[in-house]
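For reference, the structure is listed below as C-alpha cells.
Every heavy atom of this structure was used, including side-chain atoms; hydrogens, water molecules and symmetry mates were not. In each ligand, atom 1 is the first atom listed, and ligand 1 is the first ligand listed. Note that the coordinates shown come from a computational prediction; the quantities given were computed from them, not determined experimentally.
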Amino acid sequence: MTNSGKLVVITAPSGAGKTTIVKHLLQTIPELRFSISATNRARRPMEINGRDYYFLTTEQFRRMVSQGAFLEWEEVYTDQYYGTLRSEVDRILSERKAVIFDIDVQGALNLKKEYGDQALSIFIQPPSLDTLIERLKNRKTEDAKSLQKRIDRATKELTYKDNFDKTVMNDDLKLALSEVMKIVCSFLGVPVRTH
Ligand code: ADP
Ligand code: 5GP
C-alpha cells in the first residue's frame, strides 16, 4: 500500500485551525488515523478521553516520560504537558494506515527530524495574530490566563512557518481545507476526496 508508514504532521499556534482541519481530513481520507496525544491539561466539555486526548494526571504523565513511553513530548505551556505516545504510532503503522498528528511547532520539528521524508509537515497559518486571538476568544474554551499563555506563545510560533514542508493559509476555511486535502492526498498517493 502506498500510504503505509507515512506520517502527516499538522502544526500551528493554538487557534489557527489545526483541529478543524485534522477532523475534516480524518472524515474524508480513510487511509488516515489520528495519533491521540497524552496531556495533563483539563478536558474541555466537548472532548472525550481516548478520542481527543488521553487525559492524564501530572504524576501519570511524568511516570510515562520516565518509562520512555513518548516519541516526543513538550511542556507547551507552563505546567501543561503534551506528548506523542510510541504505542499510538506503532499501533497505527502496524494497521498499515498513515498517521496524522495535531501538535505544536517544536513537536512537529522533532518528528520531522526523526522521520525525514517519511513525514510531511504542514504549517497552518492564520491571516494575522489578531484573527488568531479572535478565533481563540470565539472558541470559548480558554479562561483569561490560558488565553494569554496561548497568545504569548503564538507570537513566537508564527516565526517558525518557514521550517515546514508546506504552509497553508487558513483564512477562508473551505479554501484551506481543499488545499490541505490536495497536499495530503498527493503525499499519500491516494485520490483527492472532494467532500
Ligand atoms: P487549533 O486546533 O489550531 O487550536 P481550532 O481548529 O480549534 O484551532 O480553531 C480555532 C477556532 O477557530 C475554532 O472555533 C474554529 O471553529 C475556528 N476556525 C477555524 N478555521 C477558521 C476559519 N478559516 N475562519 C474562521 N474561524 C475558523
Ligand atoms: P490544546 O490544549 O489547544 O489542545 O493544544 C495546545 C497545543 O499543544 C497545540 O499546539 C497542540 O497542537 C499541541 N499538542 C497537542 N498534542 C501534542 C503532542 O503530542 N506533542 C506536542 N509537542 N504538542 C502537542
Side-chain angles (χ1 to χ4, degrees), residues 7-27 34-56 61 64-65 69-89 92 99-114 119 121-143 145-158 160-161 164 167-180:
L7 291 82
V8 176
V9 184
I10 308 289
T11 192
S14 180
K18 290 184 300 294
T19 307
T20 309
I21 290 170
V22 167
K23 285 196 168 157
H24 177 78
L25 293 173
L26 283 165
Q27 278 162 11
F34 183 52
S35 165
I36 305 164
S37 296
T39 183
N40 70 338
R41 85 143 157 75
R43 187 179 62 79
R44 296 173 188 151
M46 299 303 286
E47 290 178 326
I48 296 176
N49 185 33
R51 183 193 69 181
D52 300 288
Y53 281 107
Y54 297 111
F55 292 98
L56 306 179
F61 196 102
M64 290 180 80
V65 169
F70 291 106
L71 200 51
E72 62 78 35
W73 66 274
E74 293 289 323
E75 184 176 5
V76 178
Y77 309 107
T78 310
D79 298 330
Q80 277 184 22
Y81 302 101
Y82 296 82
T84 303
L85 292 161
R86 290 181 192 281
S87 55
E88 196 65 10
V89 176
I92 297 170
V99 194
I100 186 162
F101 302 84
D102 170 343
I103 65 175
D104 88 313
V105 292
Q106 196 53 52
L109 290 173
N110 289 340
L111 285 183
K112 188 66 195 171
K113 206 187 282 173
E114 173 98 11
S121 57
I122 305 178
F123 184 89
I124 306 300
Q125 193 180 359
S128 66
L129 184 60
D130 284 347
T131 310
L132 183 94
I133 296 169
E134 262 327 291
R135 286 182 189 170
L136 279 173
K137 285 183 178 163
N138 289 340
R139 195 172 69 184
K140 297 188 168 65
T141 51
E142 312 308 315
D143 60 23
K145 200 172 152 201
S146 170
L147 186 68
Q148 195 53 51
K149 281 189 198 175
R150 282 157 201 269
I151 296 168
D152 293 345
R153 191 171 167 104
T155 313
K156 185 171 162 227
E157 287 180 326
L158 286 170
Y160 278 69
K161 75 179 171 67
F164 300 99
T167 299
V168 173
M169 169 68 71
N170 180 21
D171 186 358
D172 178 321
L173 180 60
K174 251 184 131 176
L175 283 180
L177 290 175
S178 133
E179 196 180 339
V180 174

Per-atom contacts of ligand 1 with T19, taking only distances under 4.0 Å to non-hydrogen atoms | 1 (P), 2 (O), 6 (O)

Out of R43, R41, R44, K23, which one pairs with D52 under the salt bridge (charged side-chain N to carboxylate O under 4.0 Å, His left out) rule?
-> K23

Aromatic ring centroids of F61 and F70 under 6.0 Å?
-> yes

Say whether E47, considering both its backbone and side-chain N or O atoms, lies within less than 3.5 Å of an N or O atom on ligand 2.
-> no

So between K23, R150, R139, whose heavy atom ends up nearest atom 13 (C) of ligand 1?
-> R139

Kindly identify the option in K140, M169, R135 whose heavy atom sits closest to atom 22 (C) of ligand 1.
-> R135

Which atoms of ligand 1 have any heavy atom of P13 under 4.0 Å away?
-> 3 (O)

Under 4.0 Å from a heavy atom of T20: give me the atoms of ligand 1 that qualify, with their elements.
-> 5 (P), 6 (O), 9 (O), 15 (C), 19 (C)

Atom 20 (N) of ligand 2: which protein heavy atom is closest, and how many Å away?
-> E72 OE2, 2.7 Å

May I ask you to check whether G83 has an N/O atom sitting below 3.5 Å from an N/O atom of ligand 2?
-> yes

Under 3.5 Å, N or O to N or O, is E74 touching ligand 2 that way?
-> no

Of the listed options Y81, W73, Y54, Y82, closest to atom 24 (C) of ligand 2 (non-hydrogen atoms) = Y82

Atoms in ligand 2 flagged as close to Y77, the criterion being non-hydrogen separation under 4.0 Å = 6 (C)

Backbone N/O of A12 and side chain of K18: donor-acceptor pair under 3.5 Å = yes

Determine, for K149 against D143, whether the closest basic-nitrogen to carboxylate-oxygen distance falls under 4.0 angstrom.
-> no

Do ligand 1 and K18 have nitrogen or oxygen atoms that lie under 3.5 Å from each other?
-> yes

Can you sort out which atoms of ligand 1 are near S14, meaning under 4.0 Å from one of its heavy atoms?
-> 4 (O)

Report yes if some N/O of T84 lies less than 3.5 Å from some N/O of ligand 2; otherwise report no.
-> yes

Pull out every atom of ligand 2 sitting under 4.0 Å from any heavy atom of R41, numbered as shown with elements.
-> 1 (P), 2 (O), 4 (O)

Considering only heavy atoms of D171, which atoms of ligand 1 have at least one such atom less than 4.0 Å away?
-> 22 (C), 23 (N), 24 (N)

Identity and separation of the nearest protein heavy atom to atom 22 (N) of ligand 2 = D104 OD1, 2.7 Å

From V9, V76, I124 - option closest to atom 7 (C) of ligand 2 by heavy atom = V76

